[in-house]
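I have placed the structure first, in the form of structure tokens, so that the comments after it can refer back to it.
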Amino acid sequence: MTPGIPGTPGTPGNISTPDTTMTPDAPTSPVMTNPLLDSLTDAQKKAVEHLDGPLLVLAGPGSGKTTVVTRRIANLIDSGIPPWQILALTFTNKAAGEMRERINTLVPENVPGRRGLTVATFHSFCVRLLRNYASQANIHERFSIYDGADQREAIKQSMKEAGLSSSNWTPASVGAAISNAKNQLLTAEAFAQEASDFYARSIAKAYVGYERRLKDNNALDFDDLLMLTARLLKNNNDVRDELQQRYQYLLIDEYQDTNHAQFVIAHSLAASHSNICVVGDPDQSIYGWRGADIRNILEFETLYPDAVVIPLGQNFRSTAHIVEIASKLIENNTKRKKKTLHTELGEGEKAQVIICQDEHHEAKVIVDDFKRLHDDNDVPWKEMAVLYRVNSLSRVLEEAFRSASVPYVIARGTAFYDRKEIKDALAYLRYAANPSDEVSMRGIINTPTRGIGKTTLDRIENHAIFNPSRMIDVLQNPEQVEGVSARAVGSIQKFNTMVNGWRVMNEHEGMLLEAQSGLAELIERMIRESGLEAMFKKSRTEEDFERLENLGELVSAAADFVPPDASDLGMVDTEGNALELPEPTVLDLLSMFLEQVALVSDADMIDPANGAVTLMTLHAAKGLEFDGIAMAGLEQGLLPHQRAAHQESELEEERRLCFVGITRARKHLMLTRAAVRTHRGMRERTIESQFLGELPGDSIIYSDHAGVDDGYVYGGGGGGSYKDEFGPSSGDTGSWSPKSGSRSGGDSEFPVGCRVMHPKFGLGKIEAITRRPAGSSAQVTFSSVGTKTLILEYAKLQRVD
DNA sequence: CTGGTCATTTTTTTT
DNA sequence: AAATGACCAG
């Protein structure tokens with residue numbers, strides 16, 4: 001199955017209050033009661049009616065935050081504020097899309113200036129500003145945006161250059177340090193000046209080199225987008241004045257997750273008018289690790305002493321037991337403003353806490369419970385989700401859902417773009433769009449292999465160091481480099497000609513071609529000419545076929561790509577009319593396409609329209625709600641995560657994460673843990689999460705299935721010999737297999753004797769199956785390579801009978 | 001230069 | 001268990 005590509009964001013999300021379809025009366029009719037205030041609590045009304053000045057909305061989970069925020073914007077417009085003076089900033093595209101959507105239902109399209117209303121993510125807003133004010137920000141207009149992997153590459157290179165032995169430093173730790181510095185608006189130079197100890201000096205060297213590299217490559221990383229915008233607003237009075245003038249009313253969503261750079265951006269914009277409304281919940285602050293500063297929200301009132309503060313405590317989402325569990329849990333955090341939550345939705349069910357034997361059992365328990373909810377309680381699949389702390393837990397769950405034929409989707413937005421073939425294709429495109437992008441060039445100059453190997457690249461790099469120049473420029477005249485074979489020179493020239501062909505296509509045909517089809521055409525041509533297509537067509541394995549399909553998906557995504565409307569970008573005149581912009585060329589379109597691709601997040605991928613259970617991390621679940629939630633892996637080291645266990649503040653963030661998970665549930669909540677879990681190939685006994693012990697016993701039903709027989713026998717299979725080093729459930733080897741009467745056929749899809757196809761070894765016959773709790777294996781005789789032992793879970797066997 | 005084998009490392013969350 | 005990286009034979 002091929003995963004979809006994120007379409008344009010903006011799908012309607014879950015709605016937490018009953019009345020969202022209503023629209024305000026026509027502006028002409030004198031209304032005594034404002035329909036925007038219908039069926040709101042007093043606190044909600046107060047927030048919606050607030051016009052000028054700083055406003056802090058402390059919105060607990062399920063408190064109708066989005067309703068309040070969207071109605072407040074509608075109300076601002078109703079009371080005469082031109083929409084183009086309003087700026088709303090969110091964290092994810094999905095949140096922005098949802099907000100836009102809901103404002104659309106409240107404010108008619110024909111309101112003057114309506115289309116100039118800006119609702120954007122922090123990052124996309126920053127990209128826009130940086131392109132518009134490129135010269136003031138001292139950057140090139142058309143920059144590449146580096147994702148984590150590119151960033152890692154660039155950091156690796158600069159570490160090598162700075163002489164940091166990679167045994168003492170990992171690119172990840174250096175990257176984290178650099179990221180922190182950027183969040184604090186510390187440039188490489190400033191960081192180097194402050195660096196006093198050996199550790200900081202070493203980081204500083206890498207930081208300086210990394211920055212130079214980015215500059216040379218005409219690239220920005222995610223942190224740069226925020227840092228450069230913040231610095232621009234801080235240092236350039238003209239730009240700041242202009243933008244303050246333009247955006248008279250600000251709204252910041254999920255304010256508890258803003259970092260220092262975002263803080264500076266928000267308050268620079270608000271400085272002249274203080275019309276800033278921030279919405280958030282300190283108890284849901286879960287991004288401290290990436291620089292989010294919870295003090296931003298805790299100290300808002302200090303910054304704006306005249307701020308109006310409105311707590312929204314009533315929960316319209318969850319039933320009482322769930323709210324009770326969440327409240328009791330979060331009360332264990334000491335560094336916290338006390339806040340009470342209540343609901344009027346009735347008592348509801350208690351939550352189930354289930355101890356399972358191992359992760360496969362856990363997955364089975366969750367799937368069975370969801371089936372029960374679906375079959376007996378009429379809960380649709382899409383109203384259920386499984387949440388976990390780390391992505392690695394998704395595999396086993398995924399398998400369980402698949403084998404039970406329950407439809408599911410994994411919210412992993414980056415998954416598609418993380419595929420090798422897609423990353424390669426994007427690297428080609430980025431290099432075509434940005435000829436300075438060395439990281440992208442390195443990624444694809446020899447993919448597929450075209451005789452430009454490591455030695456050649458090393459020689460070119462050396463040459464670039466010796467006669468100071470950039471590798472990318474040396475590449476233009478490969479013949480000048482000592483020691484590069486004539487053959488390699490020819491390959492390089494061919495490569496250059498190919499890429500230039502695409503760039504010329506951009507420049508000259510851009511205005512002639514229908515740009516829209518031109519983009520897809522360019523990508524198709526690139527896939528063909530680069531040899532990517534031929535590389536996957538050659539072999540006829542299922543894997544390579546899928547890769548080809550994925551490349552096709554990329555082309556369709558480009559064909560479907562709708563560039564953001566100029567007015568949605570806030571490019572409007574003072575009347576709120578969209579500015580007349582020149583028709584975008586293919587190159588412009590390509591840049592916008594790449595930009596959109598760079599800024600998709602996991603959460604953006606969740607499509608409420610599909611009828612499937614959602615599997616996602618706790619982080620990705622923020623802001624969502626479901627009838628039924630299962631949280632897996634409530635174990636020490638996993639839910640308070642290992643790396644957070646040592647510091648109290650980090651432990652509290654883990655607890656907030658757990659709180660976020662619990663409060664996603666409307667009616668049904670299940671928390672599970674496995675007594676034994678396989679981690680990095682090792683089966684280990686687990687310790688119950690301390691958070692389970694903090695839950696109120698009156699609101700949960702606790703059942704321990706770790707040792708008992710509950711419908712599954714643990715044993716049977718032949719010959720498996722993994723050691724059971726654990727207590728009571730001793731001695732058995734074998735697999736989970738349903739006892740008599742259970743569904744889904746019991747035995748394997750690969751009976752002994754059946755014929756199978758393996759992507760690499762070809763046709764074979766199953767000789768024996770060895771069942772194990774973690775990864776059953778099969779002995780298969782192939783005509784090509786003889787008998788092999790394969791792990792069924794990983795070998796992509798297909799039955800061909 | 002390529003494609004294989006062997007050893008080492010992985011240890012969170014994400015715009 | 002799997003991904004990456006180093007090394008080597010062809």
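As the structure is a computational prediction, the values presented were derived from the model and not from experiment. So that the names make sense, note that chain A is the first sequence line, chain B the second, and so on, each numbered from 1.
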What pairs of nitrogen or oxygen atoms, one from the protein and one from nucleotides 11-13 of chain B, lie under 3.5 Å apart?
{"unit_1": "B/dT11", "atom_1": "N3", "unit_2": "A/Arg680", "atom_2": "NH1", "d": "3.3"}
{"unit_1": "B/dT12", "atom_1": "O4'", "unit_2": "A/His641", "atom_2": "NE2", "d": "3.1"}
{"unit_1": "B/dT12", "atom_1": "O2", "unit_2": "A/Arg389", "atom_2": "NH1", "d": "2.9"}
{"unit_1": "B/dT12", "atom_1": "O2", "unit_2": "A/Arg389", "atom_2": "NH2", "d": "2.2"}
{"unit_1": "B/dT13", "atom_1": "OP1", "unit_2": "A/Asn391", "atom_2": "N", "d": "3.0"}
{"unit_1": "B/dT13", "atom_1": "OP1", "unit_2": "A/Asn391", "atom_2": "ND2", "d": "3.0"}
{"unit_1": "B/dT13", "atom_1": "O4'", "unit_2": "A/Arg389", "atom_2": "NH2", "d": "3.3"}
{"unit_1": "B/dT13", "atom_1": "O2", "unit_2": "A/Trp289", "atom_2": "NE1", "d": "3.0"}
{"unit_1": "B/dT13", "atom_1": "O2", "unit_2": "A/Arg389", "atom_2": "NH2", "d": "2.6"}
{"unit_1": "B/dT13", "atom_1": "O2", "unit_2": "A/His619", "atom_2": "NE2", "d": "3.4"}

How many angstroms lie between CD in A/Glu153 and CD in A/Gln151, if you round to the nearest 0.5 Å?
11.5 Å
To the nearest Å, give me how far apart CZ (A/Arg487) and C1' (B/dT2) are.
12 Å
A/Asp223 near the nucleic acid: base, sugar-phosphate alone, or nothing, with a heavy-atom cut-off under 4.0 Å?
nothing
Please enumerate all residues that pass side-chain contact (heavy atoms from CB on, under 4.5 Å) together with A/Val597, with sequence neighbours excluded.
A/Tyr417, A/Leu426, A/Phe593
Taking ring pair (Phe, Tyr, Trp, His ring centres under 6.0 Å) as the definition, give me every residue that meets it alongside A/Phe91, ordered by chain and number, with sequence neighbours left out.
A/Phe122
Residues that A/Asn218 engages under side-chain contact (heavy atoms from CB on, under 4.5 Å), provided they are two or more places apart:
A/His140, A/Phe143, A/Asn434, A/Ser436
Could you tell me whether A/Phe91 contacts a base, only the sugar-phosphate backbone, or nothing, with contacts defined as non-hydrogen atoms closer than 4.0 Å?
sugar-phosphate
Identify, with sequence neighbours excluded, every residue that meets ring pair (Phe, Tyr, Trp, His ring centres under 6.0 Å) alongside A/Tyr210.
none
Starting at atom CD of A/Gln262, determine the distance to atom P of B/dT14, rounded to an integer number of angstrom.
16 Å
Across all chains, not counting sequence neighbours, the salt bridge (Lys or Arg N to Asp or Glu O under 4.0 Å) partners of A/Lys622 are A/Glu254, A/Asp257
For a quick check of understanding: with a heavy-atom distance under 4.0 Å over all strands, which category does A/Ser485 fall into, base, sugar-phosphate or nothing?
nothing
Sub-3.5 Å pairs of nitrogen or oxygen atoms, protein against nucleotides 3-6 of chain C:
{"unit_1": "C/dG5", "atom_1": "OP1", "unit_2": "A/Lys156", "atom_2": "NZ", "d": "2.9"}

Taking atom P in both C/dT4 and B/dT13, compute the distance separating them and give it to the nearest angstrom.
16 Å
I need the CG-P distance between A/Asn259 and B/dT14, as an integer number of Å.
17 Å
So, is A/Asn93 close to the B/dT15 phosphate, meaning a side-chain N or O under 4.0 Å from OP1 or OP2?
no
Could you tell me the separation between the NZ atom of A/Lys454 and the C1' atom of C/dC8, rounded to a whole number of Å?
14 Å
Rounded to whole angstrom units, what separation is found between the NZ atom of A/Lys94 and the C1' atom of B/dT14?
16 Å
Holding to side-chain contact (heavy atoms from CB on, under 4.5 Å), I want the full list of residues that pass it with A/Val264, two or more places apart in sequence or in another chain.
A/Leu185, A/Ala230, A/Lys234, A/His260, A/Ser268
Under the side-chain contact (heavy atoms from CB on, under 4.5 Å) test, which residues partner A/Ala172, sequence neighbours left out?
A/Thr170
Please report, rounded to the nearest Å, how far the C1' atom of B/dT15 is from the CG atom of A/Leu220.
14 Å
Heavy-atom closest contact (A/Ile444 atom, A/Asp424 atom, distance):
CG2-O, 3.4 Å
Rounded to whole Å, how long is the line connecting atom CZ of A/Arg450 with atom P of B/dT2?
10 Å
Report the distance from atom CD1 of A/Ile452 to atom P of B/dT2, rounded to the nearest whole Å.
9 Å
